[in-house]
Amino acid sequence: MATIGLIGAGHIGSQLARLAIAHGYDVVISNSRGAETLAPLVAELGPRARAATPSAAAAAGDIVVVTIPLKAVNTVPAEPLNGKIVVDTNNYYPQRDGHIAELDNESTTTSELLQRHLPASKVVKAFNHIYAAELTSHGQPKGSPNRRALAIAGDDPAAKRVVSEMIERFGFDVVDAGPLKEGWRYQRDTPGYGPRRTAEELRRDLAAAKRYRDMHSNV
Ligand SMILES: NC(=O)c1ccc[n+]([C@@H]2O[C@H](COP(=O)([O-])OP(=O)(O)OC[C@H]3O[C@@H](n4cnc5c(N)ncnc54)[C@H](OP(=O)(O)O)[C@@H]3O)[C@@H](O)[C@H]2O)c1
């Protein structure tokens with residue numbers, strides 16, 4: 001089974017680590033303060049988990065998840081991620097991240113910013129529209145009635161297939177929102193951001209999503 005590298009070990013990073021371990025993956029997890037601060041989490045996760053620096057987690061992962069405050073994405077080590085699948089969970093909260101002009105004027109999207117920082121990686125946007133606690137409580141076996149769906153977006157079809165298989169294994173249906181530039185369809189404040197949705201409901205929400213500029217105008 002593959003190794004999941006995690007850059008970020010907070011609400012989402014720790015939950016994804018638990019999910020990954022529960023489904024047979026190895027995990028290498030990192031944060032900004034140093035591997036020693038992750039000792040309690042690693043003890044909880046067991047022998048298939050270890051803590052490392054962000055660069056070492058990036059190097060170790062077959063799939064690497066970036067799950068940190070958006071303002072820090074330019075610190076993500078690029079070189080060890082060359083050629084790799086990078087899952088981006090990040091959302092833009094200006095009160096936390098500071099204002100980023102290109103996001104404020106909607107000339108780009110959060111995951112496209114990470115893709116630009118990691119030009120040789122295959123970025124897939126996923127897990128940004130589910131609350132951390134629900135990652136380990138909302139999964140169900142394939143075929144369960146009203147199974148929850150999660151959206152993905154990305155420009156590399158093979159990377160999307162690998163991430164879809166992982167999400168399916170974690171207990172969720174997958175809805176493909178299209179290329180990375182369509183990732184805004186499940187960004188903060190869109191209908192599909194947060195609530196539990198089946199695949200059919202999520203597809204409807206993605207289609208109904210509006211850009212911020214259109215939400216805030218009366219047109
Ligand atoms: N919380 C949710 O339910 C949720 C749901 C979906 C998406 N998201 C998004 O996912 C991202 C992570 O959210 P979160 O709630 O997990 O955040 P969080 O609990 O604040 O955790 C952030 C993690 O990132 C690490 N970090 C910060 N700067 C770093 C850097 N430069 N290099 C490496 N690691 C760094 C932190 O490590 P230290 O503690 O050592 O600084 C911490 O482990 C955010 O963009 C958030 O908007 C959150």
Side-chain angles (χ1 to χ4, degrees), residues 4-20 27-42 44-45 49-61 63-81 86-100 103 108-115 117-118 121 123-139 148-153 163 167 170 172 177 180 183-197 202 205:
I4 311 281
L6 287 145
I7 299 178
H11 293 96
I12 291 283
S14 62
Q15 282 289 82
L16 284 175
R18 292 181 182 103
L19 253 188
V27 162
V28 182
I29 190 161
S30 66
N31 65 2
S32 77
R33 283 169 297 142
E36 65 286 357
T37 65
L38 293 169
L41 177 62
V42 168
E44 177 203 325
L45 293 170
R50 67 182 170 91
T53 62
S55 290
I63 301 172
V64 178
V65 182
V66 174
T67 184
I68 61 179
L70 184 73
K71 65 179 176 205
V73 292
N74 285 332
T75 70
V76 171
E79 193 276 333
L81 292 171
V86 174
V87 175
D88 175 28
T89 80
N90 303 319
N91 292 306
Y92 176 43
Y93 283 92
Q95 61 274 34
R96 178 192 67 192
D97 298 311
H99 279 277
I100 299 171
L103 295 179
T108 191
T109 60
T110 54
S111 296
E112 287 174 291
L113 282 182
L114 182 64
Q115 180 68 79
H117 176 63
L118 305 173
S121 304
V123 173
V124 178
K125 181 181 186 70
F127 301 119
N128 73 299
H129 67 109
I130 176 169
Y131 294 109
E134 295 170 355
L135 281 167
T136 52
S137 57
H138 278 195
R148 185 167 181 172
L150 298 179
I152 61 165
V163 173
I167 295 173
F170 286 173
F172 300 91
L180 218 47
W184 66 269
R185 290 185 176 278
Y186 52 107
Q187 68 187 1
R188 170 179 50 77
D189 296 341
T190 56
Y193 183 78
R196 183 191 178 98
R197 294 284 192 249
L202 185 54
D205 284 351

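As the structure lists them, so they are numbered: ligands from 1, and atoms in each ligand from 1. Quick note: numbers below take in every heavy atom, side chains included, and nothing from hydrogens, waters or symmetry partners. Counting begins at 1 with the first residue of the sequence.
Residues that satisfy the side-chain hydrogen bond (donor to acceptor under 3.5 Å, both in side chains) test with Thr109, not counting sequence neighbours, are Glu112. Asp97 meets the salt bridge (charged side-chain N to carboxylate O under 4.0 Å, His left out) test with no other residue; sequence neighbours excluded. Taking Val64 as the reference, Ile7, Leu81, Lys84 meet the side chain to side chain contact (heavy atoms under 4.5 Å, CB included) condition, with sequence neighbours excluded.
Scanning both residues, Ser137 and Ala133, for their nearest heavy atoms gives OG-O, 3.2 Å. Minimum interatomic distance between Gly13 and Ile29 (heavy atoms only, all atoms of both residues): O-CD1, 3.9 Å.
Applying the 6.0 Å contact sphere to CZ of Arg188 captures more than 12 heavy atoms from other residues, nucleotides or ligands.
Using a heavy-atom distance under 4.0 Å as the criterion, the protein contacts of ligand 1 are Ile7, Gly8, Ala9, Gly10, His11, Ile12, Asn31, Ser32, Arg33, Pro54, Thr67, Ile68, Pro69, Ala72, Thr75, Thr89, Asn90, Asn91, Arg96, Phe127, Asn128, Ile130, Tyr131, Ala132.
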